[in-house]
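Only this structure's heavy atoms are used, side chains among them; waters, hydrogens and symmetry mates stay out.
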Amino acid sequence: MTVSRRPLLTARRRTASAVAALGAAALLLTGCGADSGADAKDKGGKDAAASGGTRTVKDATGKVVEVPANPQRIVTLTQEDLDAVLALKIKPVGITNGQGLDEPPAYLKDKVKGIDIVGGLLKPVMDKVVAAKPDLILAGDMQDEQVLKQLREITPATLVTMAPTDDWKVSFRGIGNAVNKLNDANKVIADHEAAAKAAGEKLGANKNAAVSIVRWNPDGPSWMEKKQFASGVALEMGLQRPANQNKDGNAHAPSLSLEKIDEIDGDWLFLSTLTSDGEKALKDVQTKPAYKELGAVKKGHVVTVDGSVWSTRGGPLASDVVMNDISKALTKS
């Protein structure tokens with residue numbers, strides 16, 4: 001299987017781009033004002049939403065883009081973009097495969113039946129994109145300027161939707177603005193936050209537990225920083241991170257050697273993989289004494305989860321999966 005893999009940010013890359021990204025995140029929402037473009041006009045001065053005109057927005061890089069007032073044929077190039085439009089009850093006409101997969105993400109599979117696949121994650125096949133006849137392309141965190149140029153030749157309404165340090169809520173609001181559904185996006189976020197808080201109150205003895213969130217790579221485990229997507233959901237539920245993982249960032253630690261495996265311990269351990277090599281490495285280490293000595297392992301508090309959800313940049317539907325995974329595990333014990 002050919003694996004399309006998009007690792008989380010490294011600390012070096014995150015630091016280098018942080019200042020620019022903070023400004024870009026705000027720009028995504030300011031292109032048409034705070035009311036989701038409801039007052040936007042087309043060139044003839046008519047109401048754009050009624051006439052099928054256009055609106056002007058700024059994408060996550062600050063680029064000014066003219067988009068359809070009510071796009072009808074959306075192509076998404078990342079699962080985060082796909083997650084977002086599905087959460088807004090929009091069915092795209094073209095999608096790419098999930099992170100680390102040669103098919104759409106499993107958690108979205110039932111929602112994308114019949115939709116054309118136009119390539120791998122951030123690797124669109126241009127002929128297939130053309131065939132989809134998009135009037136809006138959501139290009140995720142695409143950084144390849146040559147690819148972006150080709151996409152903009154298909155439709156100028158091509159948006160980079162994620163800056164390097166954006167969390168899923170910033171990106172989701174930006175996508176909501178781009179498709180003229182910002183108010184809907186804000187409601188989805190508010191509903192999620194309320195649900196996460198309520199779920200956290202039902203965790204009983206595990207309320208406020210320290211959860212370790214780890215992706216197992218072929219060369220060892222990496223724990224996630226506390227602003228990484230799945231970690232953010234856990235914190236919204238009132239849970240904690242182990243002291244050595246309580247790092248203020250949205251990246252992940254370097255892969256750890258067996259000698260440092262105790263760094264992944266916690267009251268609960270959520271483990272994911274993205275590749276078959278990662279799965280093999282995890283199975284191998286589970287036979288080792290150092291793994292068996294972890295407190296979470298001894299207590300039977302190890303939960304295997306879907307890396308194509310837990311290790312991504314996230315979205316509203318993925319956040320529901322993470323919340324439900326945590327609730328299911330912690331309310332059983």
Side-chain angles (χ1 to χ4, degrees), residues 1-10 12-14 16-17 20-21 23-25 27-28 31 54 56-68 71-86 90 92-105 108 112 115-166 168 170-172 174-175 177-179 251 274-275 308 311-315:
M1 170 174 85
T2 301
V3 174
S4 174
R5 185 175 176 187
R6 176 162 128 263
L8 294 170
L9 289 171
T10 62
R12 181 179 299 174
R13 180 179 165 202
R14 184 188 66 240
S17 57
L27 286 171
L28 200 73
T54 62
T56 300
V57 300
K58 290 185 179 181
D59 75 2
T61 69
K63 180 178 177 64
V64 176
V65 183
E66 193 169 288
V67 299
Q72 301 298 308
R73 301 188 61 82
I74 299 174
V75 166
T76 63
L77 300 188
T78 71
Q79 70 185 56
E80 291 88 356
D81 294 321
L82 174 59
D83 185 308
V85 297
L86 291 174
I90 298 171
V93 296
I95 64 175
T96 54
N97 290 321
Q99 181 173 354
L101 304 172
D102 56 4
E103 60 184 358
L108 298 176
V112 298
I115 299 178
D116 290 338
I117 306 294
V118 299
L121 179 72
L122 290 174
K123 293 181 178 179
V125 178
M126 293 303 167
D127 288 347
K128 293 183 177 181
V129 177
V130 170
K133 300 179 181 178
D135 58 5
L136 177 64
I137 297 174
L138 302 178
D141 53 346
M142 175 70 73
Q143 298 179 25
D144 189 322
E145 289 298 329
Q146 185 59 38
V147 173
L148 285 171
K149 180 180 178 182
Q150 291 177 287
L151 293 170
R152 286 166 179 150
E153 288 172 353
I154 297 170
T155 175
T158 295
L159 281 79
V160 175
T161 59
M162 290 177 278
T165 57
D166 285 351
W168 73 265
V170 170
S171 299
F172 181 53
I175 292 169
N177 185 46
V179 301
L274 279 174
T275 67
S308 69
S311 294
T312 64
R313 296 280 291 273

Give the intermediate values and the outcome of side-chain contact (heavy atoms from CB on, under 4.5 Å) for residues Ile117 and Thr96. CA-CA 5 Å; Ile117 306 294; Thr96 54; 5.7 Å; no
Side-chain contact test, heavy atoms from C-beta onward, threshold under 4.5 Å: evaluate it for Ile95 versus Pro104 and give yes or no. yes
Heavy-atom closest pair (Ala157 atom, Pro68 atom, distance to 0.1 Å) is CB-CD, 4.1 Å
Shortest non-hydrogen contact from Gln79 toward Gly98: OE1-CA, 3.3 Å
Would you say the side chain of Leu136 lies within less than 4.5 Å of the side chain of Leu159, judging by non-hydrogen atoms? yes
Side-chain heavy-atom pair Pro134, Ile74 within 4.5 angstrom cut-off: no
side-chain hydrogen bond (donor to acceptor under 3.5 Å, both in side chains) with Thr161: which of Thr78, Asp81, Asp166? Asp81
Please round to the nearest 0.5 Å and tell me the distance separating atom CZ of Arg313 and atom CG of Asp83. 13.0 Å
Side-chain (Glu66) to main-chain (Thr56) donor-acceptor, under 3.5 angstrom: no
Looking at every non-hydrogen atom in both residues, tell me the closest pair between Val75 and Ala132 and how far apart they are. CG2-CB, 3.9 Å
Interatomic distance, OG@Ser308 vs CG@Asn97, rounded to 0.5 Å, equals 11.5 Å
Close side-chain approach of Val129 to Asp127, heavy-atom, < 4.5 Å: no
Side chain to side chain contact (heavy atoms under 4.5 Å, CB included) involving Lys128 - partner list, sequence neighbours excluded: Val118, Val125
Closest approach of Ala163 and Ala60, non-hydrogen atoms and distance? N-CB, 3.6 Å
How long is the span from the CG atom in Asp144 to the CG atom in Leu122, to the nearest 0.5 Å? 9.5 Å
Of all the heavy-atom pairs spanning Ala139 and Leu148, show the shortest one and how long it is. CB-CD2, 4.1 Å
CA sep, side-chain torsions, deciding dist, call: Leu138, Val85, side-chain contact (heavy atoms from CB on, under 4.5 Å): CA-CA 10 Å; Leu138 302 178; Val85 297; 3.6 Å; yes
Rounded to the nearest 0.5 angstrom, the CD-CE distance for Gln143 and Met162 is 10.5 Å
Specify the closest pair of heavy atoms between Val65 and Pro156, including all atoms of both residues, with the distance to one decimal. CG1-O, 3.6 Å
Test side-chain contact (heavy atoms from CB on, under 4.5 Å) on Val160 and Lys63; report intermediate values, then the result. CA-CA 9 Å; Val160 175; Lys63 180 178 177 64; over 6 Å; no
Candidate pair Val112 and Leu86, rule side-chain contact (heavy atoms from CB on, under 4.5 Å), full reasoning: CA-CA 9 Å; Val112 298; Leu86 291 174; 4.0 Å; yes
Using modelled atom types and a 3.5 Å cut-off, is there a donor and acceptor pairing between side-chain atoms of Asp135 and backbone atoms of Pro71? no
Which of Arg152, Gln150, Met142 passes side-chain contact (heavy atoms from CB on, under 4.5 Å) with Thr158? It is Arg152
Beyond-backbone contact of Val64 with Asp59, side-chain heavy atoms, under 4.5 angstrom: no
Would you say that Val147 contacts Pro124 through its side chain, given a criterion of any heavy-atom pair below 4.5 Å between the two side chains? yes
Evaluate the side-chain proximity of Ile137 to Leu77: yes if any heavy-atom separation is below 4.5 Å, no if none is. yes
